[in-house]
Protein chains: 2
Amino acid sequence: MFEVFFSQVKDKVLISEQEQNLVKTFFSPKKIRKKQYLLQEGDVCKHLAFVEKGLLRSYSVDEKGTEHMIHFAWEGWWMADILSFLSVEPSTYFIDAIEESELLLISFQGFEEMLLKVPVMERYFRILFQNNIISKERRLIQSLAYSAEEKYLHLLANNPKLVQKIPQNLIASYLGITPETLSRIKRKITQ
Amino acid sequence: MFEVFFSQVKDKVLISEQEQNLVKTFFSPKKIRKKQYLLQEGDVCKHLAFVEKGLLRSYSVDEKGTEHMIHFAWEGWWMADILSFLSVEPSTYFIDAIEESELLLISFQGFEEMLLKVPVMERYFRILFQNNIISKERRLIQSLAYSAEEKYLHLLANNPKLVQKIPQNLIASYLGITPETLSRIKRKITQ
DNA sequence: AAATAGTATTGACCTATATCAATCAAACCA
DNA sequence: TGGTTTGATTGATATAGGTCAATACTATTT
């Protein structure tokens with residue numbers, strides 16, 4: 001159950017067997033079906049979810065009912081509304097499963113306690129958050145400075161797995177463009 | 001010199017006098033004039049800069065020579081190209097002073113050593129990075145889902161200090177719109 | 001296997017925002 | 001202090017990408 005998890009952790013920090021066993025106690029496994037919600041708007045995000053298997057997405061829905069993709073997470077990645085989770089405020093997001101998935105959940109109390117009892121996990125999350133900042137910053141610059149076509153080409157070059165795994169209408173939303181525009185861009189690139 | 005710094009740190013974690021004295025040894029103060037560069041594209045970002053006083057900006061410049069504002073930092077905030085700093089790769093950003101500023105600089109080695117020797121600073125940065133993720137995510141959603149006018153209204157509501165302190169052409173760039181469009185939005189809102 | 005729902009493509013048209021250019025206002029500095 | 005650079009406003013025009021609608025394609029369900 002924790003194979004993917006600890007292989008990810010070990011990519012970033014050194015962790016002993018003993019520490020691993022302690023860390024395990026803070027998590028509970030959960031299976032989630034396709035289209036099932038992990039979080040709905042208005043609810044507090046009570047867990048960080050690590051994806052052992054499968055595929056999740058997070059998104060917001062505006063007044064017109066349009067969905068805006070925020071993140072995708074598959075094997076080896078985390079998913080949560082970090083704002084809601086940390087501030088214990090109602091979320092403005094939805095999180096659901098694009099594919100049937102296996103998750104490891106940790107609660108807010110569990111998270112805080114784990115970081116204090118296992119300092120190496122404090123370090124792991126600091127590094128994780130650093131990386132997250134970097135990738136968000138990249139995406140932000142792209143959304144500010146690039147045309148729709150440039151954004152798609154960058155995604156293809158830098159995150160081909162995402163383009164493979166995720167339906168096009170969701171990719172369009174992730175890039176902040178319409179599915180029609182993405183379809184036209186693809187045609188233009190291919191011909 | 002460290003007044004603003006430790007008041008910020010104490011907002012997030014408990015830190016002893018002893019720890020404070022140790023932390024101080026990792027930083028060096030630096031004064032920087034208006035328009036002076038702290039970082040130029042192609043150089044590795046060798047320091048995290050804490051702003052004790054003044055105002056900095058970071059921005060990228062595209063092939064057409066257009067500047068895209070990434071961040072602003074004034075009293076109590078950090079500034080760096082975190083990607084370049086952490087990965088020790090050449091930066092794609094510029095950082096310069098909008099106003100004459102007083103900074104506290106810490107090198108990469110200093111940073112790593114400080115986090116290991118003063119675990120409470122590991123915690124401080126984990127929290128700092130958390131908050132950074134949250135604000136970047138907010139900005140990202142706005143850039144994807146909101147119109148130019150909505151983005152400006154949100155900025156006014158949520159970051160009025162930024163709107164006060166920063167020239168309009170830079171605010172426009174920060175929002176990913178042109179100065180002309182921002183000017184028109186302001187007129188529309190006011191009348 | 002048919003029926004249904006979801007997803008992608010294409011075309012016609014529209015609108016928000018960019019671009020270009022001129023003027024105006026303010027800030028800097030020699 | 002007047003001249004020069006820098007930033008803001010306004011107008012005219014162009015365009016990338018959105019919207020709406022029809023059709024085609026692909027999965028999923030019964």
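Labels below follow one simple rule: chain letters A, B, ... track the order of the sequence lines, proteins then strands, and each chain is numbered from 1.
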Inset, instruction - Within residues 54-65 of chain B, find the residues that approach DNA chain D with a heavy atom at under 4.0 Å, and present them sorted by residue number. - result: none
Inset, instruction - Establish, from distance only, whether the side-chain atoms of Ser91(B) and Ser84(B) form a donor-acceptor pair under 3.5 Å. - result: no
Inset, instruction - Would you indicate, yes or no, if dT19(D) has its OP1 or OP2 atom less than 4.0 angstrom from a side-chain nitrogen or oxygen of Arg184(A)? - result: no
Inset, instruction - Could you tell me the separation between the NZ atom of Lys35(B) and the C1' atom of dA27(C), rounded to a whole number of Å? - result: 10 Å
Legend entry - Distance-only donor-acceptor check, side chains Glu41(A) and Tyr59(A), under 3.5 Å: no
Legend entry - Other residues, nucleotides, ligands: >12 heavy atoms within 6.0 Å of Trp74(A) CH2: yes
Legend entry - d(OH, Tyr152(A); P, dA8(C)) in whole Å: 11 Å
Inset, instruction - Examine dG18(D): is either OP1 or OP2 under 4.0 Å from a nitrogen or oxygen in the side chain of Thr178(A)? Give yes or no. - result: yes
Legend entry - Tyr93(A) with Leu170(A), same ILVMFWY side-chain cluster at under 4.5 Å: no
Legend entry - Parallel, tilted or perpendicular: ring planes of Phe111(A) versus Phe125(A), cut at 30 and 60 degrees: perpendicular
Legend entry - Sidechain N-carboxylate O distance under 4.0 Å for Arg57(A), Glu67(A): yes
Inset, instruction - Verify the contact: side-chain N or O of Thr181(B) to OP1 or OP2 of dT17(C), cut-off strictly under 4.0 Å; return yes or no. - result: no
Legend entry - Interatomic distance, Lys151(B) NZ vs dT17(C) C1' [rounded to whole Å]: 10 Å
Inset, instruction - Return the residues of residues 141-150 of chain A meeting this criterion: a heavy atom under 4.0 Å from some atom of DNA chain D. Order them by number, or give none. - result: Ser147(A), Ala148(A)
Legend entry - Lys31(A)/Glu100(A) salt bridge by N-O under 4.0 Å criterion: no
Legend entry - Cation-aromatic face contact Arg139(A)/Tyr174(A), 6.0 Å, 45 degrees: yes
Inset, instruction - Ignoring hydrogens and angles, state whether a donor on the side chain of Arg138(A) or Gln142(A) is under 3.5 Å from an acceptor on the partner side chain. - result: no
Inset, instruction - From the options dT9(D), dT10(C), dT10(D), select the nucleotide whose nearest atom is closest to the side chain of Arg187(B). - result: dT10(D)
Inset, instruction - Looking only at side-chain atoms of Lys34(A), point me to the closest of dT28(D), dT9(C), dT10(D). - result: dT28(D)
Legend entry - Separation of dA12(C) P from Glu180(A) CD (nearest whole Å): 15 Å
Legend entry - Atom-to-atom span, CD1 of Ile177(B) to P of dA8(D) - whole angstrom: 12 Å
Legend entry - Non-hydrogen side-chain atoms of Lys10(A) and Ile15(A) separated by less than 4.5 Å: yes
Legend entry - Donor-acceptor pair between Glu180(B) and Ser183(B) side chains, under 3.5 angstrom: no
Inset, instruction - Report the distance from atom CG of Leu170(B) to atom P of dA8(D), rounded to the nearest whole Å. - result: 8 Å
Legend entry - Helical bend (five base pairs per end, nearest 10°) for the helix from dA1(C)-dT30(D) to dA30(C)-dT1(D): 50°
Inset, instruction - Measure the distance from NZ on Lys188(B) to C1' on dA16(C) and round it to the nearest whole Å. - result: 10 Å
Inset, instruction - Report the distance from atom CG of Asn169(A) to atom C1' of dT10(C), rounded to the nearest whole Å. - result: 17 Å
Inset, instruction - Could you label the plane-to-plane angle of the Phe50(B) and Phe5(B) rings as parallel, tilted or perpendicular, counting under 30° as parallel and over 60° as perpendicular? - result: perpendicular
